[in-house]
Amino acid sequence: MVAALALASCASTGAAQAPVPVASAWRPALFAEGYGPTGLGPSPSDSTLADPDQNRLAGLGVQQSDLPSTMTATLPADGTSLGVASLSYCNGTFASESARVARRHTVVLPESSVPGVASEAVYYRTVQDATIALSELRTVAAGCPAHRTASDGTTALAFDVVATPDLDVTGLAPEDRRVVVATTVSSQDGKAAAYLLLRVWQQRGRVLVGLLYSGSGTEFTDADRSNVHLLTSSVATRLEALPADFTGSG
């Protein structure tokens, strides 16, 4: 079923998005990469939700105001658990995971919508820890095999590292404080059409925020580029609005 999706306008862009034709499609890669939620909605006993750090992180990732009324930004049941990885890419080792103070993962429903969107906001003990995390991600990405396989438990998937699409980086964190990784995902049994999965990580001080975006195919359209810029520039604006006593940076 094809529907019209228009990512909402925001203060950082000031211009409304044109409707983006989208369809419902299976997106298994996030589960294979460790980002699939085990359930939706926080546990009533989740005491982390009252934590001041969570209140800060809640305003950094994908927001409902970024989305049309047909889509919903929500917190998975394990969305604040430090028992879930924040940096999960190419079977890499990320020692910085132990330096996390708080994390908040946001998924956009329906999860079958195309484009698919999710975000991960992470708060580290120190600025150095967050800088190390970004460096680890850059190192793992640089050493990732051009072709690899994985499984979401039911489907064999193929991941192919590709060149980053030409993106508008206006308003994003400086190059030394961001990492962009592009991967095409396909199923080896033909159950899912191939698509491009983009990760954009941005840092300010002790805070690191990642946006995950999957398009409708292996090539980004102008609409995909516009959507990615809208979302990533909004994240950058929110990072810059954080008080220095929280980020540990000027």
Side-chain angles (χ1 to χ4, degrees), residues 12 30 33-37 48 51-63 66 73 75-76 78-108 117-144 164 167 169 171-183 197-213 228-250:
S12 64
L30 296 186
E33 293 284 289
Y35 290 111
T48 66
D51 188 282
D53 294 342
Q54 279 296 326
N55 289 334
R56 297 285 193 192
L57 296 183
L60 293 177
V62 177
Q63 305 290 298
D66 296 328
L75 178 70
D78 55 0
T80 64
S81 171
L82 291 176
V84 177
S86 290
L87 301 184
S88 179
Y89 180 67
C90 196
N91 297 317
T93 298
F94 298 93
S96 58
E97 293 288 273
S98 63
R100 295 177 299 165
V101 175
R103 65 175 283 271
R104 191 178 186 94
H105 189 67
T106 302
V107 295
V108 173
V117 183
S119 65
E120 177 88 6
V122 193
Y123 192 41
Y124 293 87
R125 285 193 303 248
T126 67
V127 174
Q128 183 181 14
D129 290 326
T131 301
I132 290 172
L134 194 69
S135 177
E136 288 176 335
L137 182 61
R138 188 177 283 114
T139 299
V140 170
C144 189
T164 302
L167 301 173
V169 297
L172 272 62
E175 187 173 1
D176 64 337
R177 291 198 283 114
R178 70 172 185 266
V179 171
V180 182
V181 181
T183 310
L197 178 62
L198 185 74
R199 295 170 173 83
V200 182
W201 287 90
Q202 301 181 82
Q203 178 202 0
R204 183 182 171 215
R206 296 171 61 185
V207 186
L208 188 62
V209 182
L211 175 80
L212 294 86
Y213 181 99
V228 169
H229 182 256
L230 172 76
L231 293 166
T232 54
S233 62
S234 294
V235 167
T237 297
R238 292 163 188 154
L239 277 171
E240 287 304 310
L242 289 171
D245 61 354
F246 181 75
T247 64
S249 60

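One is the number of the first residue; the rest follow in order along the sequence.
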Among residues at least two apart in sequence or on other chains, which ones pass salt bridge (Lys or Arg N to Asp or Glu O under 4.0 Å) with Arg178?
none

The salt bridge (Lys or Arg N to Asp or Glu O under 4.0 Å) partners of Arg56 (sequence neighbours excluded) come to none

Without swapping roles, check the side chain of His105 against the backbone of Leu75 for a donor-acceptor pair under 3.5 Å.
no

Donor-acceptor contact below 3.5 Å, side chain Gln63 vs main chain Ala58
yes

Residues passing the ring-ring contact (aromatic ring centres under 6.0 Å, His included) test with Tyr124, sequence neighbours excluded, are none

When rounded to the nearest 0.5 angstrom, what distance separates OG1 in Thr106 from CG in Leu57?
9.5 Å

Output yes when Arg238 and Asp66 qualify as a salt bridge under the 4.0 Å nitrogen-oxygen rule, no when they do not.
yes

Can you name the side chain to side chain contact (heavy atoms under 4.5 Å, CB included) partners of Thr232, sequence neighbours left out?
Leu172, Val200, Gln202, Leu211, Val228

The side chain to side chain contact (heavy atoms under 4.5 Å, CB included) partners of Val140 (sequence neighbours excluded) come to Tyr89, Cys90, Phe94

Any pair with a residue in residues 124-139 that passes salt bridge (charged side-chain N to carboxylate O under 4.0 Å, His left out), sequence neighbours left out, goes on the list, sorted by first then second residue, please.
Arg125-Asp129

Are Phe246 and Asp53 close enough that some pair of their side-chain heavy atoms sits under 4.5 Å apart?
yes

Are side-chain heavy atoms of Arg104 and Tyr123 found at a separation under 4.5 Å?
no

Run the side-chain contact (heavy atoms from CB on, under 4.5 Å) check on Leu198 and Leu167 step by step: do they pass?
CA-CA 11 Å; Leu198 185 74; Leu167 301 173; 3.8 Å; yes

With side chain to side chain contact (heavy atoms under 4.5 Å, CB included) as the test, pick out the partner of Arg204 among Val209, Leu60, Leu242.
Leu242

Residues which pass side chain to side chain donor-acceptor pair (under 3.5 Å) with Gln203, listed by chain and number, not counting sequence neighbours:
Thr131

